[in-house]
Amino acid sequence: MDLEKLLADRLAPAFAAVAGGPVDPVVRRSQHADFQSDAALGLARRLGRPPRTIAAEVRDRAELADVCATVEVSGPGFLNLTVADRMLGDLVGALATDPRLGVPAVAGPETVVIDYSAPNVAKEMHVGHLRSTVIGDAAARTLAWLGHRVLRANHLGDWGTPFGMLIEHLVDLGEAEAAQELSMGDLDAFYTAARAKFDDDAAFRERSRLRVVALQGGDPVTVRLWRLLVAQSESYFLTVYDLLDVTLSAADFRGESSYHDQLAPTVEELDRLGLLRRSDGADCVFPPGSVGRDGEPLPLIVRKSDGGYGYPATDLAALRHRAGTLGATRLLYVVGLPQRRHFEMVFATAARAGWLAPPARAEHVGFGSILGSDGRMLCSRAGGAVKLVGLLTEAVERATALARERNPELGEAEAAEVGRAVGIGAIKYADLSGDRRKDYVLEWERMLALDGNTAPYLQYAYSRIRSIFRRAGVAARPGAGVALGEPSERALAFELVAFGAVVEEVAGSLEFHHLAAYLHRLAAAFSAFYERCPVLRAEGPVRESRLVLCEVTARVLRQGLYLLGIRTPDRM
RNA sequence: GCGCCCGUAGCUCAGCGGAUAGAGCAGGGGACUUCUAAUCCCAAGGCCGCAGGUUCGAAUCCUGCCGGGCGCACCA
């Protein structure tokens with residue numbers, strides 16, 4: 001039970017009695033006390049009485065004796081609430097014996113499909129994929145930990161016209177040579193070479209066109225070559241995921257091709273439902289509300305005038321599969337914000353077709369673009385893409401060098417391990433600590449920063465705690481009483497007790513910067529505590545109590561960072 | 001033209017109806033014989049893009065304007 005809710009529950013009846021109806025007590029953290037309630041201000045006009053009088057009356061009626069040390073009317077009519085040390089200590093004590101750290105598993109688990117990462121076969125992963133992968137993985141970890149059934153859907157770009165030219169290029173190179181190139185992760189070179197031939201060589205272009213037809217027609221030789229291409233890319237992506245420390249596995253690849261045979265039936269059903277309209281030779285759905293440049297309704301083109309299918313058809317088929325066959329009630333799409341309109345139209349169409357009916361719902365978990373230093377979008381297809389592995393490798397190298405420098409006691413193997421955890425953590429945290437909807441400028445310095453509000457700061461706090469236990473060879477006694485004397489102990493305790501509410505909120509909003517900010521507050525509170533409150537040199541109950549504070553802090557940091565996909569080394 | 005998003009400290013960003021607008025970085029000053037100084041403490045830094053409006057109260061909600069970005073029919 002978090003304190004805010006506890007206080008609100010105690011205040012609500014008092015407010016209801018004074019106001020003669022239900023009132024939200026509006027409890028929040030305060031600079032002037034531990035918490036404050038602002039509800040009396042809003043009630044003043046309605047009741048025609050001074051807010052301070054209302055606040056005083058609520059104070060007198062509320063049953064807060066066991067929770068609060070003091071309850072004071074302040075300013076124009078705030079209620080300042082100071083929590084009793086005893087209550088706060090008991091709450092922390094309860095966390096110490098709770099394997100879930102005050103975050104209960106959800107009562108009604110849902111099936112959640114999370115569409116994220118989605119690189120393209122035979123194309124390099126660039127920084128644009130980083131956001132989707134990192135945010136999506138945090139969502140997967142968080143929702144899974146809460147007890148939901150999470151299905152990770154890596155919607156691989158493994159189908160479409162570019163495969164004609166890619167397969168022809170593979171044929172030109174020879175399978176062995178091509179496999180070699182692709183397994184080295186040099187996907188850009190492969191793609192660029194194919195593209196160049198396609199642009200310059202008419203004969204190659206024609207071969208490519210025929211190859212697409214062969215692929216879609218299921219020609220066995222072509223399909224085998226295509227599979228080769230896909231398999232090589234998949235194994236390359238898995239090495240990147242491994243380096244990035246992401247929970248995506250080989251089993252999560254669900255390429256666009258896997259919906260290939262559902263495309264026609266999907267469109268046919270739209271037709272049967274009377275949602276289809278032919279426009280300029282293309283089969284379209286016109287979801288209400290979307291208007292184009294000319295003021296006319298904007299179509300979702302489910303079948304092109306040449307008979308081919310594009311993204312809308314694939315997305316609809318995938319959605320139908322996820323909601324229908326898989327039984328998902330929450331469908332997440334971790335895709336850049338520029339595609340917002342596309343998803344609006346897809347979701348609207350799916351709803352009209354009855355494929356997406358409550359309680360099932362789809363959410364576009366959009367994120368901002370990555371910009372270059374000139375403030376313009378970076379992640380276009382037209383080059384300028386920064387190779388993801390290059391970024392990751394540099395982060396790990398920097399962090400490893402720093403680990404060696406700062407802690408010579410680390411052996412070579414441990415320094416490498418710390419370097420990985422810290423370097424990768426820094427990159428993920430840089431991405432998750434800001435509002436995901438905002439664009440951000442790609443600054444290597446920022447992403448690779450190892451001090452300030454960064455993952456290493458949180459990891460360092462964790463490793464210091466581990467160091468205390470390691471050095472003393474002791475463990476916290478879970479049942480030990482938590483006695484809070486020092487202000488920095490109280491401050492730390494307040495943060496610990498807030499973990500559950502933060503995770504719960506983030507599971508809904510998927511705004512991971514709230515979790516990041518919380519963990520930073522927690523680590524900062526711990527660091528301040530660490531400076532002022534000796535643990536091992538304390539004695540008796542104070543020592544016992546501080547050991548519990550340390551233990552719970554470590555566990556919350558570890559779990560919180562785990563949800564963000566960030567490791568916590570025992571030593572740094 | 002229409003729609004969506006964004007303008008907060010020198011920089012990167014939180015805050016999105018409540019009391020004196022918060023962090024980090026950079027820059028200034030302190031703290032290691034004491035559980036890891038990848039740390040902590042102190043000081044400094046702001047017409048919250050501009051102008052109206054709603055409200056007891058606005059960085060936060062509404063309207064307009066200015067500046068920037070993205071999207072707007074067969075590309076994924």
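Keep in mind that the numbers below use all heavy atoms, side chains included, and drop hydrogens, waters and symmetry copies.
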J.: On a plain distance test, is the side chain of A/T314 in donor-acceptor contact with the base of B/A76 below 3.5 Å?
T.: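 By the distance-only test, no, there is no pair.
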
J.: Could you measure between the two P atoms, the one in B/G15 and the one in B/G3, and give it in whole Å?
T.: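 Straight-line distance between the two P atoms is 27 Å.
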
J.: Working note: A/Y191 + A/E124, criterion side-chain contact (heavy atoms from CB on, under 4.5 Å); need CA distance, chi angles, decisive distance, verdict.
T.: CA-CA 9 Å; A/Y191 188 92; A/E124 194 63 54; over 6 Å; no

J.: RNA chain B in dot-bracket, Watson-Crick or G-U pairs under 3.5 Å, [ ] crossing, | other strand?
T.: (((((((..((((....[...))))..((((.......))))......(((((..]....))))))))))))....

J.: Strictly below 4.0 Å: does A/H342 bring a side-chain N or O up to OP1 or OP2 of B/A76?
T.: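 Result: no.
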
J.: Taking the C1' atom in each of B/C16 and B/G57, what is the distance between them to the nearest angstrom?
T.: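 Each nucleotide's C1' atom is 15 Å from the other's.
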
J.: For A/T314, what residues pass the side-chain contact (heavy atoms from CB on, under 4.5 Å) criterion, not counting sequence neighbours?
T.: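 Only A/H155, A/E256, A/Y259, A/L263 meet the side-chain contact (heavy atoms from CB on, under 4.5 Å) criterion with A/T314.
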
J.: Atom CG of A/D306 to atom P of B/C74: distance rounded to whole Å?
T.: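 Checked: the CG to P distance equals 12 Å.
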
J.: Rounded to the nearest angstrom, tell me the gap between atom CG in A/L156 and atom P in B/A76.
T.: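 The distance from CG of A/L156 to P of B/A76 comes to 16 Å, rounded to the nearest Å.
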
J.: What string of B, S and - do you get for nucleotides 21-35 of chain B, 5' to 3', when a contact is any protein heavy atom under 4.0 Å?
T.: -SSS---------BB

J.: Can you classify the ring geometry of A/W159 versus A/W226 as parallel (below 30°), tilted (30 to 60°) or perpendicular (above 60°)?
T.: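 Taking A/W226 first and then A/W159, their aromatic rings stand perpendicular (interplane angle over 60°).
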
J.: In whole Å, I'd like the distance from the CZ atom of A/F512 to the C1' atom of B/C13.
T.: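 About 19 Å, once rounded to whole Å.
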
J.: Which is it for B/C32, anti or syn, if anything within 90° of zero counts as syn?
T.: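 For B/C32, whose glycosidic angle is within 90° of 0, the conformation is syn.
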
J.: Roughly how many Å is it from CZ in A/R293 to C1' in B/G1, rounded to a whole number?
T.: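 Computing the A/R293:CZ to B/G1:C1' distance gives 9 Å.
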
J.: Would you indicate what A/E405 reaches in the nucleic acid, counting non-hydrogen atoms under 4.0 angstrom: base, sugar-phosphate, or nothing?
T.: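 Counting heavy atoms under 4.0 Å across all strands, no contact is made by A/E405.
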
J.: By the 4.0 Å heavy-atom rule, please label A/S279 as base, sugar-phosphate, or nothing.
T.: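 It contacts base atoms.
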
J.: Do A/E511 and A/R436 sit within salt-bridge range, that is, some charged N less than 4.0 Å from a carboxylate O?
T.: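 No, no charged N to carboxylate O under 4.0 Å.
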
J.: Using distance alone, with no hydrogens and no angle criterion, decide if A/E505 and A/S509 have a side-chain donor and acceptor under 3.5 Å apart.
T.: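 Yes, because at least one side-chain N or O of A/E505 sits under 3.5 Å from a partner of the opposite role on A/S509.
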
J.: Rounded to whole angstrom, note down the C1' distance from B/G22 over to B/U60.
T.: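 Those two atoms are separated by 14 Å.
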
J.: When only distance counts, do a donor and an acceptor, one from the side chain of A/S527 and one from the base of B/U39, lie under 3.5 Å apart?
T.: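 No, no donor-acceptor pair under 3.5 Å.
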
J.: Tell me: CZ of A/R341 to C1' of B/A73, nearest whole Å?
T.: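 My rounded result for the distance is 12 Å.
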
J.: Do we get A/R437 above A/F367's six-membered ring, with its NZ or CZ under 6.0 Å from the centre and within 45° of the axis?
T.: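 Negative - A/R437 is either too far from the ring of A/F367 or too far off its axis.
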
J.: Between A/Y460 and A/R406, is there a cation-pi geometry (under 6.0 Å to ring centre, at most 45° from the normal)?
T.: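 Checked: cation-pi criterion not met.
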
J.: In whole Å, what is the span from the OH atom of A/Y311 to the P atom of B/C75?
T.: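 Distance check: A/Y311 OH to B/C75 P gives 14 Å.
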
J.: Would you mind classifying the nucleic acid contact of A/D435 as base, sugar-phosphate or nothing, using non-hydrogen atoms under 4.0 angstrom?
T.: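 The residue A/D435 makes sugar-phosphate contact but no base contact.
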
J.: Would A/R211 and A/F163 count as a cation-pi pair here, with the cationic atom under 6.0 angstrom from the ring centre and within 45° of the axis?
T.: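 No, A/R211 and A/F163 do not form such a contact.
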
J.: Nearest-Å distance, OH (A/Y429) to C1' (B/A38)?
T.: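 So the two atoms are 15 Å apart, to the nearest Å.
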
J.: Is it possible for you to check whether A/R29 lies under 6.0 Å from the centre of the six-membered ring of A/F494, through NZ or CZ, and within 45° of that ring's axis?
T.: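 Ring-cation test returns yes.
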
J.: State whether the distance check finds a donor on one side and an acceptor on the other, under 3.5 Å, for side chain A/D315 versus base B/A76.
T.: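 Not at all, since no donor on one side and acceptor on the other fall under 3.5 Å apart.
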
J.: Could you check how far CD1 of A/I370 sits from P of B/G69, rounded to whole Å?
T.: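 Taking CD1 of A/I370 and P of B/G69, I get 18 Å after rounding.
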
J.: According to the 5.5 Å centroid and 30° plane-angle thresholds, does A/F78 stack upon the nucleobase of B/A19?
T.: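 Stack criterion met.
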
